[in-house]
K.L.:
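I am attaching a structure below and will ask some questions about it afterwards.
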There are 2 protein chains.
Amino acid sequence: MNSTHLPNWLQRCADNTPRKLAISTPEIAWTFAELNLQALQLAQQLAALGIKQGSRVALLASNGVPFVVCVHALIRLGAILVPLNVRLTLEEQLWLLRDVEAMALLSDSTYTERAAAIQQALPTLTRARLQLETATRHVSLHNVTPDQHAPLLDEIDLEATHAIMYTSGTTGIPKGVIITYKMQWWNAVGSALNLGHQGESDCWLLCMPLFHIGGLSILMKNVIYGIRIIVYEKFDAALVNQAIREQGVSIISVVAVMLQRMLAELDASHQRYPSTLRCVLLGGGPAPRPLLEDCASRDIPVVQTYGLTESCSQAVTLSPADALRKLGSAGRPLLPVQLRIVDESVVVGPNQPGVICLKGPSITAGYDHRPDATATTIQDGWLATGDIGYLDEEGYLYVLDRRSDLIISGGENIYPAEIEAALLTHPDVAEAGVCGQSDPQWGQVPIAFVHLHPGSTLTPTELIAYATQHLARYKVPRAIYLTPPLPRNSSGKLLRRELPTLLSRGTQRKSS
Amino acid sequence: MNSTHLPNWLQRCADNTPRKLAISTPEIAWTFAELNLQALQLAQQLAALGIKQGSRVALLASNGVPFVVCVHALIRLGAILVPLNVRLTLEEQLWLLRDVEAMALLSDSTYTERAAAIQQALPTLTRARLQLETATRHVSLHNVTPDQHAPLLDEIDLEATHAIMYTSGTTGIPKGVIITYKMQWWNAVGSALNLGHQGESDCWLLCMPLFHIGGLSILMKNVIYGIRIIVYEKFDAALVNQAIREQGVSIISVVAVMLQRMLAELDASHQRYPSTLRCVLLGGGPAPRPLLEDCASRDIPVVQTYGLTESCSQAVTLSPADALRKLGSAGRPLLPVQLRIVDESVVVGPNQPGVICLKGPSITAGYDHRPDATATTIQDGWLATGDIGYLDEEGYLYVLDRRSDLIISGGENIYPAEIEAALLTHPDVAEAGVCGQSDPQWGQVPIAFVHLHPGSTLTPTELIAYATQHLARYKVPRAIYLTPPLPRNSSGKLLRRELPTLLSRGTQRKSS
């Protein structure tokens with residue numbers, strides 16, 4: 001059995017519809033022919049840096065054309081993209097770069113300083129700066145002469161690795177999820193078979209971070225479907241609503257906090273969405289019921305989804321036709337995906353909760369150089385997500401809890417174990433426990449419970465300042481409570497679910 | 001690398017949209033749940049016959065629900081479908097059944113007699129008759145008790161063989177093209193990415209023979225897309241036009257002769273097509289330019305396609321947007337397909353004619369037990385179609401000639417070598433040469449030039465009667481001309497292209 005090779009997706013779009021608009025941002029509006037040309041030219045520059053098939057290349061850039069062109073240029077070289085979460089601290093980014101053994105770091109002008117700091121710590125790393133030249137509207141590498149004879153790939157090998165995307169787990173140690181082209185292809189196809197595909201008129205608005213799978217996968221849909229995308233650097237409700245009204249946006253991917261702000265802005269400006277908006281893809285954690293009811297009353301076609309990095313974004317979706325009948329459900333698996341609920345190693349029937357397990361060609365085969373984590377998570381092709389849910393009699397998934405202790409804050413996943421590990425590096429901290437607290441704006445925010453060594457005079461304020469040095473801002477606990485020893489089970493495992501009960505027992509507190 | 005397994009496509013439709021209409025014929029209108037149940041029940045009966053994974057099962061049936069249910073039942077068993085062209089003679093069908101080593105023959109009530117004659121000649125063949133019970137509207141096998149414990153497959157292994165479909169070649173000996181599920185899947189996905197996919201509203205009308213890939217592939221689109229299909233036993237312009245007007249048909253597959261009749265019937269009844277008809281997929285050989293211009297003037301969205309059994313139907317399509325600008329072109333390859341033109345083993349540039357070569361996951365990997373034919377036809381993954389064409393500067397394909405000597409008559413492929421071989425079995429025939437002649441109704445019809453042994457008194461009428469016993473009706477030469485020795489090149493190869501010049505030299509003639 002041979003691996004499947006497809007023609008380069010962007011090249012095929014440039015061949016089929018060269019004059020069709022491929023991507024627009026506040027700065028540029030490029031056809032597929034233009035985007036393809038930019039990618040080919042940048043690929044020649046990247047080749048001059050020594051980047052080639054299999055090279056692991058970290059990318060530290062904001063949402064924008066430099067990021068997009070870089071993704072396609074790396075595909076031409078067969079290099080592996082490692083997108084860095086721009087919100088991480090220098091320390092966190094250095095850990096990832098060492099762990100993934102990146103050979104090069106590319107950054108855009110927004111992150112020049114951080115990139116310099118990284119290179120100082122990792123002097124062997126090849127570094128280059130992507131720039132969008134304002135005069136020529138051309139994305140290129142600063143001060144790099146292109147290699148005109150670079151061997152560029154005309155085909156995409158579906159079995160090859162496209163990207164390595166880091167995600168933390170219950171252990172708190174981030175793992176690199178291997179994302180193959182096959183996963184991207186099957187995810188795009190599964191989504192199109194579910195949501196429909198209107199090649200002539202579809203336009204997907206992208207305001208999710210490109211360093212997450214939810215954003216990156218839209219760049220692939222752009223060239224697999226041959227449809228237009230609009231990319232914004234940051235989410236801005238007024239800009240997004242304007243694009244929906246005026247630029248023919250037909251699909252938009254959002255998380256609940258974004259959708260809430262969009263509706264508020266819509267009300268403030270006394271506007272409605274046009275019928276061209278055919279799908280609001282709502283992911284990134286459970287959606288509040290009032291939000292769904294509000295959207296239903298306004299005839300906004302919300303499609304709830306459930307997915308994770310390991311499933312290359314959406315794996316389960318709820319069609320608008322079922323939105324009200326199955327309110328609160330994440331829906332049914334996409335065609336290539338199989339789903340089952342497992343409790344204590346047994347597949348359970350309807351209405352029985354258990355771990356959500358997924359299988360199919362859009363699901364990852366494992367983690368980069370983590371055979372143990374891979375073996376624990378994936379068995380016989382079935383990925384145990386760690387999330388808890390159940391299927392109803394009609395096979396609709398209801399997600400009860402993201403990985404028992406996962407905190408989802410504004411669409412970002414936060415793993416308590418990672419924060420606890422950071423707090424425990426402080427010499428005064430004896431025990432640390434982190435859990436989520438409801439927040440009207442972000443859904444959830446992390447809070448921490450800390451037991452200090454005897455005699456310590458450390459204050460919560462000081463500990464938060466310490467945490468800020470080691471953790472991305474969104475991971476820093478919103479509040480730290482000093483407590484007696486933490487609740488644990490007989491084998492000493494921290495009982496995170498009991499942490500909130502400590503709040504009522506009267507503890508010393510300090511907000512950040 | 002593991003093989004990709006997907007959930008059974010029909011089962012998934014039955015799970016996702018149980019109450020949605022899946023298929024309608026003049027006799028029945030079934031939901032996906034009903035179609036799935038019928039397939040499961042029939043699979044249990046087929047299992048009772050000893051049909052299991054890998055069994056080769058010939059199917060001799062007209063277009064209708066017994067055929068459709070049988071296809072899905074065989075998928076559940078992992079058995080290999082061998083659809084028989086119903087127009088073939090008994091002799092031709094027996095040859096195929098022996099060649100493919102079929103273990104069973106299923107027929108519908110239309111072909112009971114022929115099936116009995118086949119079994120008489122091949123007594124070891126298991127035979128059963130499919131029937132649509134008029135009372136219960138239930139497809140089942142006559143007099144077979146279902147095996148309730150039959151192991152039915154829940155998944156489809158994309159690498160597995162779905163069907164073996166016979167096609168003749170330049171040698172005149174039919175070869176079984178191996179059609180895998182992978183080919184069907186990629187063809188369906190490539191088509192959807194090209195034509196668009198409107199799951200809620202699409203409806204595909206099927207009036208092509210199901211024993212050809214053009215028909216069979218629509219049965220797969222039915223369950224991969226989860227859309228409704230309408231199946232007619234025979235093409236009837238008035239019925240088809242009525243369905244387009246009244247039943248929301250959005251896509252229809254036709255050959256030129258069908259489309260011509262549809263337009264004539266449309267004019268006779270003073271009707272127009274509604275806007276719900278979004279795609280008239282026109283395949284089966286070159287389309288006459290006046291027909292395309294007529295359709296353009298009526299705003300009928302004709303999508304020309306080029307494909308063959310080996311490419312699992314359409315491989316190249318011309319979008320309606322390009323229909324007039326590129327009149328006469330077959331268009332551009334579907335996303336999964338790569339195309340190049342090869343002349344004398346060299347890939348040639350724009351406007352240079354040569355053999356059309358195709359590569360991709362929807363292209364066959366070879367012929368059943370014909371390693372030589374496979375090696376000749378497929379090299380490095382590239383299938384040499386034998387058809388001649390060129391690409392213009394924009395990469396649009398123009399088909400100049402189907403396999404130098406192929407005759408296409410009303411969408412059926414006729415291979416001169418096969419007819420010549422049949423004529424040469426007559427003891428009086430010394431040489432035989434066959435070519436196509438233009439025909440206003442069928443596009444082309446075969447005619448034959450025959451050189452008799454000295455002293456023979458055989459007449460063309462007698463020879464046509466003889467051919468009728470050995471060849472399907474559509475292959476029997478419309479006229480036979482008795483001639484002196486046939487034109488050959490220095491190595492003795494018949495020069496078929498020069499045959500028509502014999503007509504002007506005065507030959508004895510007899511029409512059929």
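Small disclaimer: the values here were computed from a predicted structure and weren't measured. Within every chain, numbering begins at 1; the chains are lettered A, B, ... in the order of the sequence lines, protein sequences first and strands thereafter.
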K.L.:
So for A:P18, is it side chain, backbone, both, or neither that comes closer than 4.5 Å to the heavy atoms of chain B?
P.N.:
neither
K.L.:
Which of the residues A:G196, A:C13, A:G226, A:A188 is involved in the greatest number of heavy-atom pairs with chain B at under 4.5 angstrom?
P.N.:
A:G196
K.L.:
If I measure from the heavy atoms of chain A, does B:L334 come under 4.5 Å with its side chain, its backbone, both, or neither?
P.N.:
backbone
K.L.:
Between B:E155 and chain A, with a heavy-atom cut-off of 4.5 Å, which part of the residue counts as in contact: side chain, backbone, both or neither?
P.N.:
side chain
K.L.:
Judged by modelled atom types alone, do B:S253 and B:W204 share a side-chain donor-acceptor pair under 3.5 Å?
P.N.:
yes
K.L.:
Under 4.5 Å from any heavy atom of chain B, what part of A:L158 do you find: side chain, backbone, both or neither?
P.N.:
side chain
K.L.:
Can you check whether A:L335 reaches B:W185 side chain to side chain, under 4.5 Å on heavy atoms?
P.N.:
yes
K.L.:
Which pair of non-hydrogen atoms, one from B:V342 and one from B:C357, has the smallest distance, and what is that distance?
P.N.:
CG2-SG, 3.7 Å
K.L.:
What are the two closest non-hydrogen atoms of A:R332 and A:E394, and how far apart are they?
P.N.:
NH1-O, 2.8 Å
K.L.:
Could you check whether the rings of B:H162 and B:Y181 sit parallel, tilted or perpendicular, using 30° and 60° as the cut-offs?
P.N.:
tilted
K.L.:
Relative to chain B, which of A:G331, A:G395, A:S319, A:P333 shows the most heavy atom pairs under 4.5 Å?
P.N.:
A:P333
K.L.:
Under a 4.5 Å heavy-atom cut-off, does chain B meet the side chain of A:I227, its backbone, both or neither?
P.N.:
neither
K.L.:
Taking every non-hydrogen pair under 4.5 Å, which of A:P361, A:G199, A:G360 racks up the most with chain B?
P.N.:
A:P361
K.L.:
Do A:D154 and A:R76 sit within salt-bridge range, that is, some charged N less than 4.0 Å from a carboxylate O?
P.N.:
yes
